[in-house]
Amino acid sequence: MHGEYKVPGGKLVVVDLEVTDGRISEFALAGDFFLEPDDALLDINRAVVGLAETADVPTIAAAIRRALPEGAQLLGFTPESVGTAVRRALVTASTWSDFEWELVDDPAVSPMMNLALDEVLTERVGAGLRKPTLRIWEWDRSAVVIGSFQSYKNEVDPAGAERYGFDVIRRISGGGAMLMGAEQIITYSLYAPASLVAGLTFADSYAFLDDWVLQALKSIGIEASYQGLNDITSPAGKIGGAAQKRLANGGILHHATLSYDIDGQMMTEVLRIGREKLSDKGTTSAAKRVDPIRSQTGMERRAILDAFMDQFQGFTGATRGHITDEEYAAAEALVETKFSTDSWLHRVP
């Protein structure tokens with residue numbers, strides 16, 4: 001059995017193992033990480049041999065820590081990352097290179113159509129009707145997009161939204177509200193099969209699926225990292241956040257919104273951002289909460305998107321593609337029956 005795990009912001013961990021009578025009988029660790037002393041590699045291998053094939057990541061990591069010599073240095077990986085690679089081997093997880101990826105950068109559509117396309121394309125990838133896909137969002141009007149479980153009245157100031165020309169719509173994934181102003185943000189969606197994140201905890205899957213964009217941000221001079229469950233940050237402040245939705249047919253939607261040039265004051269007038277929500281971000285002013293990419297790079301938004309797409313194509317070998325007429329038609333039907341309805345928008349009052 002073979003498993004791989006690319007540590008977000010770190011190194012590749014590779015494991016090969018055999019199981020006999022419900023226990024790991026052979027084990028070999030490899031990767032592009034750094035480890036001192038050299039012999040600690042054998043200590044890790046010996047620690048994993050004999051563990052039950054049902055051992056979870058904390059159990060595997062604890063066994064490795066007990067076996068490591070005092071003062072051992074693990075650079076670019078952790079005992080937990082070894083445990084994750086083991087779990088991915090045992091559940092026969094896929095890697096990015098196992099799939100033919102498609103990259104879609106089509107003309108702008110309405111914010112509601114973007115949301116409907118997310119549902120349609122996730123379903124099609126889960127059903128095997130579309131290649132796994134990265135889609136760049138473009139939109140033809142401004143909108144506030146609230147999370148699936150957010151309260152409309154608690155999150156949005158209707159007067160502020162009207163004053164600045166923002167429609168209010170609800171997406172199928174959880175997480176917080178995003179302000180989709182013209183040229184103000186960068187948003188993309190990944191549609192992937194569940195096997196890509198097999199063996200990962202739900203929380204770990206976030207950083208795993210966004211590791212390519214962390215590398216893309218570094219390529220344009222931003223030292224980005226993951227913080228908490230779904231925040232993408234830099235030394236200068238928060239950049240954005242991600243959200244997920246997993247469908248019963250095995251399709252996974254993972255999308256992220258990054259701030260390019262948000263007006264912090266406008267954000268406070270459109271969104272009801274309370275002090276309690278800001279307190280866990282280490283800020284006292286909503287206007288200072290999000291540090292835009294533009295202020296750190298000076299680059300135009302389209303140039304940043306080009307850098308992102310180049311990074312993704314280099315990482316996955318993705319080829320350029322388009323949304324089909326059939327997919328657009330299915331999305332238009334969903335806008336009509338779901339995303340434009342009051343029952344969906346106010347599903348949480």
Are the side chain of Arg320 and the backbone of Glu102 linked by a donor-acceptor contact shorter than 3.5 Å? no
Nearest 0.5 Å, please: how far is NE2 in His346 from NZ in Lys153? 11.5 Å
For residues Ser205 and Arg246, is any side-chain donor paired with an opposing acceptor at under 3.5 Å? yes
Residue pair Glu183, Glu300: steps toward the side chain to side chain contact (heavy atoms under 4.5 Å, CB included) verdict: CA-CA 9 Å; Glu183 298 293 307; Glu300 294 298 319; over 6 Å; no
Decide, yes or no, whether a salt bridge links Glu80 with Arg65 under the criterion of side-chain N to carboxylate O below 4.0 Å. yes
Can any side-chain N or O of Glu138 pair as donor or acceptor with the backbone N or O of Asp106 at less than 3.5 Å? no
Considering all heavy atoms, the nearest Glu53-Val19 contact: OE1-CG1, 3.7 Å
Gap between atom NE2 of His255 and atom CD of Gln244 - 0.5 Å precision: 9.0 Å
My understanding is that a hydrophobic cluster links ILVMFWY residues whose side chain heavy atoms are under 4.5 Å apart, including indirect links. Using that, what else belongs to the cluster containing Val14? Leu12
Do Ile169 and Val348 sit in the same hydrophobic cluster, where Ile, Leu, Val, Met, Phe, Trp and Tyr count as joined when their side-chain heavy atoms come under 4.5 Å apart? no
Should Ile304 and Leu258 count as side-chain neighbours, where that means a heavy-atom distance under 4.5 Å? no
Any side-chain to backbone donor/acceptor pair from Asp211 onto Phe208? Under 3.5 Å, distance only. no
Given Lys338, Arg170, Arg135, the one that forms salt bridge (charged side-chain N to carboxylate O under 4.0 Å, His left out) with Asp118: Arg135
Can Arg347 and Asp342 be counted as an ion pair, charged N to O under 4.0 angstrom? no
To the closest 0.5 Å, what do you measure between CD (Gln296) and CD1 (Ile220)? 9.0 Å
Do Ile172 and Trp344 come close enough that some side-chain heavy atom pair is under 4.5 Å? yes
Under 3.5 Å: donor-acceptor pair, side chain of Tyr260, backbone of Arg301: yes
Say whether Leu334 and Leu247 are linked into one hydrophobic cluster, either directly or through other cluster members, by side-chain heavy-atom distances under 4.5 angstrom. no
Run Ser173 and Phe149 through side chain to side chain contact (heavy atoms under 4.5 Å, CB included) and show every step you take. CA-CA 8 Å; Ser173 64; Phe149 310 108; over 6 Å; no
About how many Å separate CD1 of Ile323 and OG1 of Thr133, when rounded to the nearest 0.5 Å? 9.0 Å
Can you list the steps and then say if Asp105 with Arg302 is a salt bridge (Lys or Arg N to Asp or Glu O under 4.0 Å)? CA-CA 11 Å; Asp105 182 26; Arg302 179 43 62 170; 2.8 Å; yes
Could you pull out the closest heavy-atom pair between Lys218 and Gly9, with the gap in Å? NZ-CA, 4.2 Å
When every non-hydrogen atom of Ala108 is compared with those of Asp140, the smallest separation belongs to CB-N, 4.1 Å
Kindly say whether Phe308 contributes a backbone atom to a donor-acceptor pair with the side chain of Gln311 at under 3.5 angstrom? no
So, does Arg88 use its side chain to make a donor-acceptor pair with the main chain of Ala198 at under 3.5 Å? yes
Between the side chain of Thr187 and the main-chain N/O of Thr257, is any donor-acceptor distance below 3.5 Å? no
State the CE-CG distance between Met299 and Leu305, to the nearest 0.5 angstrom. 9.5 Å
Aromatic contact between Trp212 and Phe315, with the criterion being ring centroids under 6.0 Å apart: yes or no? no
Can you measure from CE (Met267) to CZ (Phe166) and round to the nearest 0.5 angstrom? 11.0 Å
Examine distances only and state if a side-chain atom of Thr59 and a backbone atom of Ala55 form a donor-acceptor pair shorter than 3.5 Å. no
Are the side chain of Trp101 and the backbone of Trp96 linked by a donor-acceptor contact shorter than 3.5 Å? yes
Tell me whether Glu326 is salt-bridged to Arg124, with the criterion being a basic N under 4.0 Å from an acidic carboxylate O. yes
Does the side chain of Val144 reach to within under 4.5 Å of the side chain of Met178, using non-hydrogen atoms? no
Do you know which of Asp210, Asp231, Thr233 makes side chain to side chain donor-acceptor pair (under 3.5 Å) with Tyr226? Asp210
Quick check: closest heavy atoms across Val7 and Ser81, and the distance to 0.1 Å? CG2-CB, 3.6 Å
Is there side-chain contact between Phe99 and Pro193, with at least one heavy-atom pair below 4.5 Å? yes
So, do Leu253 and Ser189 sit near enough that their side-chain heavy atoms are less than 4.5 Å apart? yes
If you take all heavy atoms of Ile146 and Leu345, which pair is closest and at what distance? CD1-O, 4.4 Å
Do Val104 and His322 make a side-chain contact, defined as non-hydrogen atoms from C-beta onward lying under 4.5 Å apart? no
Walk me through it: do Leu29 and Val13 pass the test side chain to side chain contact (heavy atoms under 4.5 Å, CB included)? CA-CA 7 Å; Leu29 171 66; Val13 177; 3.6 Å; yes
Provide the full list of ring-ring contact (aromatic ring centres under 6.0 Å, His included) pairs with a residue in residues 16-36, sequence neighbours left out, each pair given once. Phe33-Phe77
Answer whether the closest heavy-atom distance between the side chains of Glu119 and Phe339 falls below 4.5 Å. yes
Are Arg272 and Tyr152 in a cation-pi setup, meaning NZ or CZ lies under 6.0 angstrom from the ring centre and within 45 degrees of the ring axis? no
Please report the C-alpha distance between Asp98 and Leu196 in whole Å, then the side-chain angles of each, then the deciding distance to 0.1 Å, and finally whether the side chain to side chain contact (heavy atoms under 4.5 Å, CB included) criterion is met. CA-CA 9 Å; Asp98 289 333; Leu196 183 60; over 6 Å; no
Does the ring centre of His254 sit less than 6.0 Å away from the ring centre of Tyr191? no
Donor-acceptor pair, distance only, cut-off 3.5 Å: does the side chain of Ser259 make one with the backbone of Ile262? no
For the student: nearest non-hydrogen atoms of Ile239 and Ser234, plus distance: CD1-CB, 3.7 Å
Side chains of Val57 and Thr201: closer than 4.5 Å at any heavy-atom pair? no
Ala127: what forms a side-chain contact (heavy atoms from CB on, under 4.5 Å) with it, not counting sequence neighbours? Leu129, Asn249
